[in-house]
Amino acid sequence: MMAFFDFFRRKKDDSKDSTKDSARDSAKERLEMLVGNGRRFVYKIDDFTDKEDLAKKTEEIKEKIRQEASELFNTEADKVKIVVEEHNGYVIIITNINFD
Amino acid sequence: MAKVYVITSGKGGVGKTTLTANLGTIMASKGDRVALIDADIGMKNLDVVMGLENRIVYTSMDVVNGKVDVADALVRHKQLKNLSLLPASQVATKEMLSPDDMKKIVSQMSDKFDYILIDCPAGIERGFRNAVAPANEAIVVTTPELPAITDADRVIGLLENLNFDDSKIHLIINRFKPHMVRHGDMLTVEDIKAALSIDIIGIVPDSEDVIIATNKGIPLALMDGKDRMGKILEDIVLRLKGQELPIPTLEELEEKQSWWKNFRNIFRRD
């Protein structure tokens, strides 16, 4: 008989336990710690170096890579595409060689 | 000239692709000329959500390599002829496209459409840069969980660094569960807004209908009997177009359940 009533009885709700913080409260507290003091600031390279000088040197590097790659792979220079990007203070040079 | 939106998030699996498909579908159903661009090269999904996977002949990669024009690569929607998709290649990688390539593609499409929505891949690397480059405004999607919110915060910071003004960044909270907020188990809309400090353009409640719609390859906005979700998405589109509509309250977001469902819940074992 008891088993019959147990079947309908709701499982004890843990959230009613006064010693346990609500999930929202702990999430809010952790969120404030993670993003509370404003967005994580990202420095740009040209904050530290001369913009024009950086652009000039970037073009020089791109040209050198283009020449080297086209000689090495025996392709036309315009089939070598180079993109220089800045990601969080790092310079990333991406080179695509089209063999078509 | 088309208005170009990028739908981004930082974290994967928060519903960017589904929202891109649905917002685009609603815009097109109201008569706007809309193009969707799948920028998730190598991990494309937008064609599947739109049910257009069998119609793809060319991709954005073929456009970049000069094989075809953008117009040849665009796939028209079956029902809405003013809705098109520029698919992404499954075999290429994100590094094979540059932000300049994306800008060129969008500039070729710009005069033929009113709205262009770019579905951004997860992450903040090359795919993100490509997707963001041609956009005028950004829609940041988050779910109400810490990892998604902190990633959204990071993305908003990067967008600001890329000269997006705060007024050009909009937030959508997706998969919101009002009953969990009511029980103190989930962050509230105000908590998320306070943490991210940008305007909320919409709150989309969690819905099983999204899974059904994706499995059928029909955007939720085109499915019959989905008036409630349709209205929520429609209001987001109207807000994007500049209408000032109030953000729904917790009560309004909560789906009204039948008396039988409520009765059953009384006896439900947790």
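Note on naming: letters A, B, ... go to the chains in the order of the sequence lines (proteins, then strands), and numbering restarts at 1 for each one.
Between the side chains of B:S167 and B:D165, a donor-acceptor pair is found at a separation under 3.5 Å. Side-chain atoms of B:D153 and B:T150 include no donor-acceptor pair closer than 3.5 Å. Inspection of the B:T17 and B:D119 side chains reveals an N or O donor paired with an N or O acceptor under 3.5 Å.
Contact annotation: the side chain of A:N98 never approaches that of A:K81 to less than 4.5 Å [non-hydrogen atoms, C-beta and beyond]. With a 4.5 Å cut-off on side-chain heavy atoms, B:K44 and B:D47 count as touching.
Near-neighbour residues of residues 126-139 of chain B relative to chain A, defined by a heavy atom under 4.5 Å from a heavy atom of that chain, comprise B:R126, B:R129.
Proximity to chain A (any heavy atom under 4.5 Å) is shown, for B:M96, by both the backbone and the side chain. Looking at A:L31, both its backbone and its side chain come within 4.5 Å of chain B, counting heavy atoms on both sides.
When B:D101, B:V91, B:L97 are each tested for a side-chain contact (heavy atoms from CB on, under 4.5 Å) with B:M61, only one passes: B:L97.
With chain B as the partner, the residue from A:T95, A:D25, A:V83 showing the most heavy-atom pairs under 4.5 Å is A:V83.
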Distance-only donor-acceptor pairs under 3.5 Å for side chains of residues 70-77 of chain A, two or more places apart:
unit_1: A:S70; atom_1: OG; unit_2: A:R66; atom_2: O; d: 3.2
unit_1: A:S70; atom_1: OG; unit_2: A:Q67; atom_2: O; d: 3.1

